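The structure appears below as structure tokens.
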Amino acid sequence: MDKTYQPEQIESRWYERWEADNRFAPSGEGEPFSIMIPPPNVTGSLHMGHAFQDTIMDTLTRWQRMQGRNTLWQIGTDHAGIATQMLVERKVAAEEGKSRHDLGREAFIDKVWEWKHESGGHITRQLRRMGASVDWSRERFTMDDGFYQAVQEVFVRLHEEKLIYRGKRLVNWDPTLHTAISDLEVENRDQQGQFWHFRYPLADGVTTDAGEDHLVVATTRPETLLGDSAVAVNPEDPRYASLVGKFVELPLVGRRIPVVADEHADMDKGSGCVKITPAHDFNDYEVGKRCGLPLINVFTQDAAVLEAAEAFDLQGRPLADIDTGLPAAYAGLGRFEARERIVADMDAAGLLAQVEAVNNTLPYGDRSGDVIEPLLTDQWFVSVDELAKPAIAAVENGDIEFVPKNYENMYFSWMRDLQDWCISRQLWWGHRIPAWYDESGNVFVARSEAEAREKHGLPADLALTQDEDVLDTWFSSGLWTFGTLGWPEQTEEMATFHPTSVLVTGFDIIFFWVARMIMMTCKFTGQVPFKKVYVHGLVRDGQGQKMSKSKGNVLDPIDLIDGIDLETLIDKRTGNMMQPQKAKAIAKATRSEFPEGIEPHGTDALRYTFLSQATTGRDIKFDMGRLDGYRNFCNKLWNASRYVLMNAEGEDCGAAPHAEVELSLADRWVVSQLQKTETQVTKAMEEFRFDHASQALYDFVWNEYCDWFLELSKPVLWDDAASEASKRGTRRTLVRVLEAVLRLAHPMMPFISEEIWQRVAPLAGTHAEGESVMTQPWPLADDALLDDDATRDIEWLKGVIVAVRNIRAEMNIAPGKPLEALLTKGSEADRERLEANRLFLSKLAKLERVGWLDAPEQAPLAATQLVGEMEVLVPMAGLIDKDAELARLAKEIDKQDKLIGGIEKKLGNESFVAKAPEAVVEKERGKLADFQAARKVLVEQRDKIAAL
RNA sequence: AGGACCAUAGCUCAGUUGGUUAGAGCGCCACGUUGACAUCGUGGAGGUCGGCGGUUCAAAUCCGCCUGGUCCUACCA
């Protein structure tokens, strides 16, 4: 093995090898286990969230595979409608100076496919760098042929069952992107706004009870005044009871609109009167429905004022008898410009009563960043009530379980208050809606144009045009678990791998994706899509900030793996920015955070960091310190393995079936500890507690195997007096324990474990040519190998060694200086232990002599440490620093006093003794005795030294 | 406004049915090139577990209130 651990040299080599050997495909044997990857955007690149998520999925997959399960990790990418379309639009604009409209639909879509073929491999290459053991032979795309069929099928069937309908409805309209978007794609941002109070004159000479000839309404959106179709007052409001059914004259427009009574009007707010604009406000739309008001649309798709309004009834049918005239002055003005003009005109007309500053929230499109406009448009909807019922039941009855559990509440609260799902998008990139129209606007839904004609008996010469819209991306990704397995065909894969075992996803897409998958899958397969949902948090930067390009705090997982120099990192963070003025600050912050750039850490270290931070139900603050730490851990494992190989390669490691071996206490101890570790890691994996799993392995490898066992093996291996059988035993233990550790580590650190395993496994005698650690059995603890006696003895040994080391450090004695130690007040067992461990003790504690002091009262001047009841003395003649030792003893006595004080108080409490379980009281008494004995020894020692 | 989650060492985090001398890694201090490893070794310092109150013999752990933070939902006509 190379002297230093260099991850870049082993990682790509092993991944290629595994892939070439087709090790990721299902074995076809054993109980099935399947995970569907949340499909990343095909043109995207791997971010920290992906890297984290993929690490968890890969760890689960490799772990299950090692347990002999028929394991499928399904890979695929998403066409991601809006995101991809925008990306390609920008690219085309930059390269050719053309808009998508310049190109036309066909040519533009060709461009998108071209871009997909060009860049679609980027994220999958990055996924390989993460070590993801996905079955590449089954890679899918949400717009491939199979998916196309599944989507058409689902759409047509839902339409046949009247669960998909088309209608003119108020939707969230993005005036920049010219498409509807879902509620979930709307981001509400707090804003400093204004509140304008307008006077609306009462018509027909009517007055209020107070004698006013007008009503005052307030709005944050004056421009929607043009589309008002009523003024509402609360039905309980005595001030306006007499006005209900009367009219006001809409200022600037002149339209007569009624005063209606509706509970939406809040008597305590403002004047208690509210203007109602059903075509431009979701609440008002509901009022319109209750009061039978017309919908008066005054905006174009750019959110500019129309020349004449459009009036519709609640079914979206045009209304002829409404006055749709609008003042010419506003025609063509954008909504914000129109607002200013209308406010000015109202003011000039003496109708502006008051202007108030308010804080309000505005809806923004999360893609375009434009203010969303509620707009009346023709859209397709999925009626979700029926679909939601089984989807809720599946979680209620435990068919689907969320980890952690509390996300189920989030799921329920959303599912129980669902609005119909608007699935049409006015985009070009996506699954085009399988609906055709004849010239008079009749619509025919079918799997193809030919089927539409056949189904509806349409003549071949009747011109049909397909709906221009495409489906919401989440409509197709909702079919992901079964669409990837060949549905609607009844395939072998469906039978084997569906429902899938677990979905690993972020809480942020529970609504977008998880809920829709559950609805669609229950509907079309009669099965749940997955049995468990492991929900993880967001990966944030070290300060807890969300990573974003505009903040300049983005870390690229590949940079953490390969390393990156400072200047390149700065260029990456400040290049191609939306707000270039921030570049300087970002560069400065980056320089101060990473003065040397970022060192290479390797994939295994990155994965281990994610796993160690994968605690349930909270966001992850990515910790560079931990990344360094786990890179060091890899290095530690590497070097420990070098030690093992140096001592084992070419030697007899007792691999033969009946080899004569003698196991030392240390051998039995480390094997026993390994069993405990195997139990801990397995349990943690079963519970999705990857932080515990990684911690347990780290502890064992570093603090037990390396710190103690390797050290304890040296005296045996390097002592000429030791028997060949004992050397063989120690070598065998070194090799076998390491081999098991590598299997235990493999799901978490696939590369380094494979690299080392290939060399270690042959020595352990468990290796057949051409095998991979990937498919070795997962280590399961054998309780017969637990050895409490060995554990107690080794704990004693460690205690004595630490005691001597402690004395050295406190007394400032050079670590290498040979010392003499005396033990006293030991039991018979202690004496046996010393004889059994004399060699270990003298080597590890650097003692030239160690023996028993039979008459403690004759003890020479010495520094003392306690190991249980027993005392360890290091005679200090001529060396002792009196003051230092007195100070040390005073500190120790003080510590014991505090412990004793605490317990005496507890035991002095009568109700504690009376009410606490006997075992607890006994334990406290035992501790008290121990502490008191320790204190006594320390005090004697102190007095002795003080007397010098 | 309603809800969820969080608050433990300088930093990032464990601490599953109440009883532990409250732990780990990083960072810090001292010493150290002993034949796996300075990406290291040995020893050490550092916490009244956000605050107040309650339940209990016993609270980091259970309950209530408060403060601070993150997020979600709703409202803001």
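Every chain is numbered from 1 and lettered A, B, ... according to where its sequence line falls, protein lines coming before strand lines. As the structure is a prediction and not an experimental result, all values here were calculated from the model.
A:K846 comes within 4.0 angstrom of no nucleic acid atom, judged by non-hydrogen atoms across all strands. Across all strands shown, A:D281 has no heavy atoms under 4.0 Å from either base or sugar-phosphate atoms. A:A265 comes within contact range of at least one nucleobase, with a heavy-atom separation under 4.0 Å. Nucleic acid contact for A:Y630: none, since no nucleic acid atom lies under 4.0 Å from a heavy atom of the residue. Residue A:V644 is out of contact with every strand shown, counting any heavy-atom pair closer than 4.0 Å. As judged by a 4.0 angstrom heavy-atom cut-off over every strand, A:K683 is placed among the base-contacting residues. At a threshold of 4.0 angstrom between heavy atoms, the contacts of A:A914 with the nucleic acid are absent. Among the atoms of the strands shown, none is found under 4.0 Å from any heavy atom of A:T4. Looking at heavy-atom distances under 4.0 Å, A:E599 makes no contact with the nucleic acid at all. Residue-level contact check: A:W702 touches the backbone only, with heavy atoms under 4.0 Å from sugar-phosphate atoms and none from bases. Looking at heavy-atom distances under 4.0 Å, A:Y698 makes contact with sugar-phosphate atoms alone, never a base.
For the pair A:F700 and A:Q680, the minimum side-chain heavy-atom distance is 4.5 Å or more.
Separating the C1' atom of B:U16 from that of B:U61 is a span of 11 Å, rounded to the nearest Å. Comparing B:A59 with B:U21, their P atoms are spaced 15 Å from each other, to the whole Å. The separation of B:G15 from B:U8, taken at their P atoms, amounts to 14 Å, rounded to a whole angstrom. B:U39 and B:C26: their C1' atoms are spaced 13 Å apart (whole Å).
Looking at A:R221 and A:E223, a side-chain N of the basic residue comes within less than 4.0 Å of a carboxylate O on the acidic one, giving a salt bridge. The existence of a salt bridge linking A:R935 and A:E892 is excluded, since no basic side-chain nitrogen approaches an acidic carboxylate oxygen closer than 4.0 Å.
Side-chain contact annotation: A:H264 with A:N283, donor-acceptor N/O pair under 3.5 Å absent. Side-chain contact, A:Y200 with A:D228: a donor N or O sits under 3.5 Å from an acceptor N or O. Of the N and O atoms on the side chains of A:T4 and A:D2, not one donor lies less than 3.5 Å from an acceptor on the other residue. Residues A:N635 and A:N639 have side chains that bring a donor and an acceptor to within less than 3.5 angstrom of each other. A donor atom on one side chain and an acceptor atom on the other are not found under 3.5 Å apart for A:Q545 and A:N553.
Dashed line: the shortest gap from a side-chain N or O of A:K636 to OP1 or OP2 of B:C37 is not under 4.0 Å. For the pair A:N639 and B:C40, the criterion of a side-chain N or O lying under 4.0 Å from OP1 or OP2 is not met. When the side-chain nitrogen and oxygen atoms of A:N632 are compared with OP1 and OP2 of B:C40, one or more of them lie within a distance under 4.0 Å. A:R416 has no side-chain polar atom (N or O) that falls below the 4.0 Å cut-off from OP1 or OP2 of B:U73. OP1 or OP2 of B:G15 sits under 4.0 Å from a side-chain N or O of A:H692.
The nearest whole Å value for the distance from the CZ atom in A:F688 to the P atom in B:U16 is 20 Å. Separating the CG atom of A:L907 from the C1' atom of B:A58 is a distance of 12 Å, rounded to the nearest angstrom. Rounded to whole Å, the distance from CZ on A:R221 to P on B:C75 is 16 Å. Rounded to an integer number of Å, the gap from A:Q680 CD to B:A14 C1' is 13 Å. A:R642 has its CZ atom 14 Å from the C1' atom of B:A38, to the nearest Å. Between A:I620 atom CD1 and B:C13 atom P the separation is 9 Å, expressed in whole Å.
With hydrogens and angles left out, the side chain of A:R805 and the base of B:U42 share no donor-acceptor pair within 3.5 Å.
The ring-ring contact (aromatic ring centres under 6.0 Å, His included) check on A:F507 picks up nothing, with sequence neighbours excluded.
Taking every heavy atom of residues 706-720 of chain A and every atom of RNA chain B, pairs under 4.0 Å involve A:C706, A:D707, A:L710, A:E711, A:K714, A:W718, by number.
If you find the closest nucleotide of RNA chain B to A:I276 and to A:K915, the one lying nearer the 5' end belongs to A:K915. Each of A:Q695 and A:F633 lies near RNA chain B, and the nucleotide nearest A:Q695 is the one positioned closer to the 5' end.
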**Prompt:** How is the base pairing of RNA chain B summarised as a dot-bracket string, given the Watson-Crick and G-U wobble criteria with both distances under 3.5 Å, [ ] for crossing and | for another strand?
**Reply:** (((((((..((((.....[...)))).(((((.......))))).....(((((..]....))))))))))))....
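For the pair A:K714 and A:Y643, the cation-pi criterion (under 6.0 Å, within 45° of the ring axis) is fulfilled. A cation-pi geometry, defined here as NZ or CZ lying under 6.0 Å from the six-membered ring centre and within 45° of its normal, does not hold between A:R607 and A:F610.
Each of A:F751, A:Y698, A:F52, A:Y630 was checked for a ring pair (Phe, Tyr, Trp, His ring centres under 6.0 Å) with A:Y608, and the lone residue meeting it is A:Y630.
Proximity note for A:K621 (side chain, C-beta onward) versus B:U39, B:U21, B:U12: the nearest is B:U12.
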